[in-house]
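Each ligand, and each atom within it, is numbered from 1 in the order the structure gives.
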Amino acid sequence: MPSFDYDLFVIGGGSGGVRSARVAASLGKKVAIAEEFRYGGTCVIRGCVPKKLYVYASEFSTDFRDAAGFGWSVGETRFDWHKLVAAKEAEITRLEGLYQKGLSNAGADILNTRAELVGANQIKLVSTGQIVTAERIVIAVGGRPAPHDALPGHALTITSNEVFDLPELPASILIAGGGYIAVEFANILHGLGVEVTLIYRGKEILSRFDRDLREGLHKAMVEKGIRILCEDIIHAVSELPDGRRRVETLKGETLEVDQVMLALGRTPNTENLGLEAAGIRTDHQGAIIVDAFSRTSAPGIYAIGDVTNRVQLTPVAIHEAMCFIETEYKNNPTSPDHDLIPTAVFSQPEIGTVGMTEEEAAAKIDELEIYRAEFRPMRATLSGRTEKTIMKLVVNAADRKVLGAHVFGPSAGEMAQLLGVALKAGATKDSFDRTMAVHPTAAEELVTMYTPSYRIKNGERV
Ligand code: NDP
C-alpha cells in the first residue's frame, strides 16, 4: 500500500474546503489545507458576510425616515463609508481567525500558499516549490467574478471583489447585471446615498425567480429612486478627464458615473491548477465535472462548491463537503441533495423563495392552484412607505402539494428558511391551512390564504 504525506489535502480555504478539512481532521485523518488569499473564501471575505453587514448599514437611511411616523424626531444624520469599511474589515478578520482556529483545533495543517496539482496524488505548494502527496484531494477553489475582457474599457470597471473596499463611496454608479449581486448592490448603494442605475440585458431583472417577485422588486426599486434599464447592455466604457466613467449602451444611451460595476455571473477558478496533469475534466465554462458523489474524473480527487458550478451558494458547498465526509470517511455513501434549495436575495425589500416558480410549474404540471396575497406591511401604515409585500404559494391541484413558496417583503429570507423545511417535508396546502397563524406577523398570510387566487390548467390561467 503506498504511503502518503496526508490522508486528505484540501485546496481552497472557503466554506466547502474549510468544512471538509476541519471535519476530516476531527475524525483523526491527517489533513492539510492550502489557501492563497484569506481563509473564509468568498462568503466571509468578499461575499455573503460583508454584503449582509452592508445591507444593515444601508437600511438605516430608511429607518431614520420611517421613524418620524412613529413619533421620533431624528436629528441630522451622516454616513461615514470609511468607518463602515473598517468595521467590516474587523469583523471578517475575526471570522477568518475563527476559521483558522477551528482548523488548527481539529489538527489540520494550515498552509498559506497557492497549491497546484502536479499529478495523481501530488500537490505542489507554490510558495516553496515543495511537492506533497495525499491519498485524497478535495478541490474547493471557488470562483471569481466573470471577466468581460471583450468589453471596451473593461479595465475601468469594478466587480464585487473591489466594491467592498472602494477608497471612497462613489456619488453615482452603473451596475451591470440583473442577478443576485447586481440587485443586492443596487439596493445597498442606493441606501447609502449613491445614485444608482442598473442595466440588464433581459426583459425583467432576476430571470430565475417568480415573475411576481421580479416585478414587485423592480417596481419598489424604481419607486425609491433606482433607475433600471432593461433590454440593454454596456457597449463601451471610457475615462472622462475628471477621472469619472463615460458609458455608452447598446441602445445609444450615454451615462456619466463615478464607477461602473459588472455583476455578470461568476467563473470557476480552474486556470493553472494542474487539472490536466491530474487527469481532471472540465466543462466549457471551466467548471470541474463531478459525479453524484463529487468525484472528478481522476481517482481520489473530489471537487466541491462553486468550482463545480452546480449551485453557487455557500450552504450548498458546505453540504457537499459533509456528503464527501460521509461517503469517504464514514462509510455512508451520500450524494448531495440539490432539490428544493431555499434562497434569498438581500434586496430591500428582500426576496425569499423555495421551489418552483409559477412559470416552471405551469410548464410541468397539468393543473395548479395559485394562492397570492399582496398587502401593505404593518410597519408601512405609520411610516407612510408605499411598498407592498407579496406572498405566493404554487400548489399542485392533483395532490395539494406545495411546489413553490415565494415571498417579497421584509424578512423574506428568514421566512424562506422555514418554508424550505415545510416543502422539504412534502407539506401540502392542507398542512399550511391546519397551521395556526402567528399574529400579528406578515408570515401569517402564508397560512391564511384559503381560496386560490387563480388556477392554471395546461399552462393557461383560468
Ligand atoms: P447571477 O447568475 O445571479 O446573475 C448574472 C446576471 O448577469 C444575470 O442577470 C445575467 O443575465 C447577466 N449576464 C450574464 N452574462 C451576461 C453578459 N454577457 N452580458 C450581460 N448580462 C449578462 O450572478 P451574480 O454575478 O449576480 O452572482 C453569482 C452567484 O453568486 C449567483 O448565481 C448566486 O448563486 C451567488 N450569490 C448568491 C447570493 C445570495 O444567496 N443572496 C448573493 C450573491 C451571489 P440573464 O439572467 O439574462 O442570464
Which of the ligand 1 atoms, numbered from 1, are nearer than 4.0 Å to a heavy atom of [X]:
X      : answer
Leu313 : 34 (O), 37 (C), 40 (O)
Ala263 : 5 (C), 6 (C), 7 (O), 25 (O)
Lys51  : 41 (N), 42 (C)

Task: Check against side chain to side chain contact (heavy atoms under 4.5 Å, CB included), Met449 and Arg372 - done: CA-CA 7 Å; Met449 296 189 284; Arg372 186 187 185 285; 5.6 Å; no
Any nitrogen or oxygen of [X], main chain or side chain, under 3.5 Å from a nitrogen or oxygen of ligand 1?
X      : result
Gly265 : yes
Gly179 : yes
Gly178 : yes
Ile181 : yes
Arg266 : no
Ala344 : yes

- [ ] Pick out which of His218, Arg214, Arg211 makes a side-chain hydrogen bond (donor to acceptor under 3.5 Å, both in side chains) with Glu204.
- [x] His218
Open item on the list: Looking only at the side chains, is there a donor atom on one of Thr159 and Glu162 sitting less than 3.5 Å from an acceptor on the other?
Closed with: yes
Open item on the list: Under 4.0 Å between a side-chain nitrogen and a carboxylate oxygen: does that hold for Glu239 and Arg245?
Closed with: yes
Open item on the list: Could you check whether Asp232 pairs with Lys251 (Lys NZ or Arg NE/NH1/NH2 to Asp/Glu carboxylate O, under 4.0 Å)?
Closed with: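 Salt bridge flag = no for Lys251 with Asp232.
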Which residue and non-hydrogen atom of the protein lie closest to [atom], and at what distance in Å?
atom                    : result
atom 42 (C) of ligand 1 : Glu184 OE1, 3.2 Å
atom 34 (O) of ligand 1 : Gln312 O, 2.7 Å
atom 7 (O) of ligand 1  : Leu264 CA, 3.3 Å
atom 1 (P) of ligand 1  : Arg208 NH2, 3.3 Å
atom 20 (C) of ligand 1 : Arg201 CD, 3.6 Å
atom 46 (O) of ligand 1 : Ser207 OG, 2.6 Å
atom 18 (N) of ligand 1 : His148 CE1, 3.5 Å

TODO: Take Thr42 and Arg266 through the side chain to side chain contact (heavy atoms under 4.5 Å, CB included) test and state the conclusion after the steps.
DONE: CA-CA 11 Å; Thr42 301; Arg266 293 176 60 84; 3.3 Å; yes
Task: Audit row: Glu91, Arg94, salt bridge (Lys or Arg N to Asp or Glu O under 4.0 Å) steps and yes/no - done: CA-CA 5 Å; Glu91 175 56 9; Arg94 185 185 73 85; 2.9 Å; yes
TODO: Look at the side chain of Thr334 and the backbone N and O of Asn332, then say whether any donor-acceptor pair between them is shorter than 3.5 Å.
DONE: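 Side chain of Thr334 to backbone of Asn332, a donor-acceptor pair under 3.5 Å: yes, one is there.
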- [ ] Take Phe185 and Phe164 through the test ring-ring contact (aromatic ring centres under 6.0 Å, His included) and record every step on the way to the result.
- [x] CA-CA 10 Å; Phe185 268 94; Phe164 290 107; 5.3 Å; yes
- [ ] Report the C-alpha separation of Tyr329 and Phe324 in whole Å, then their side-chain angles, then the decisive distance to 0.1 Å, and conclude whether the ring-ring contact (aromatic ring centres under 6.0 Å, His included) test is met.
- [x] CA-CA 8 Å; Tyr329 294 129; Phe324 160 77; 5.8 Å; yes
Task: Non-hydrogen atoms of Asn309 and Ala287 that approach each other most closely - done: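 Looking at all heavy atoms of both residues, the shortest contact is CB-CB, 3.5 Å.
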Task: Options Tyr200, Phe209, Tyr180, Phe185, ranked by nearest heavy atom to atom 3 (O) of ligand 1, top entry - done: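 Nearest option to atom 3 (O) of ligand 1, by heavy atoms: Tyr180.
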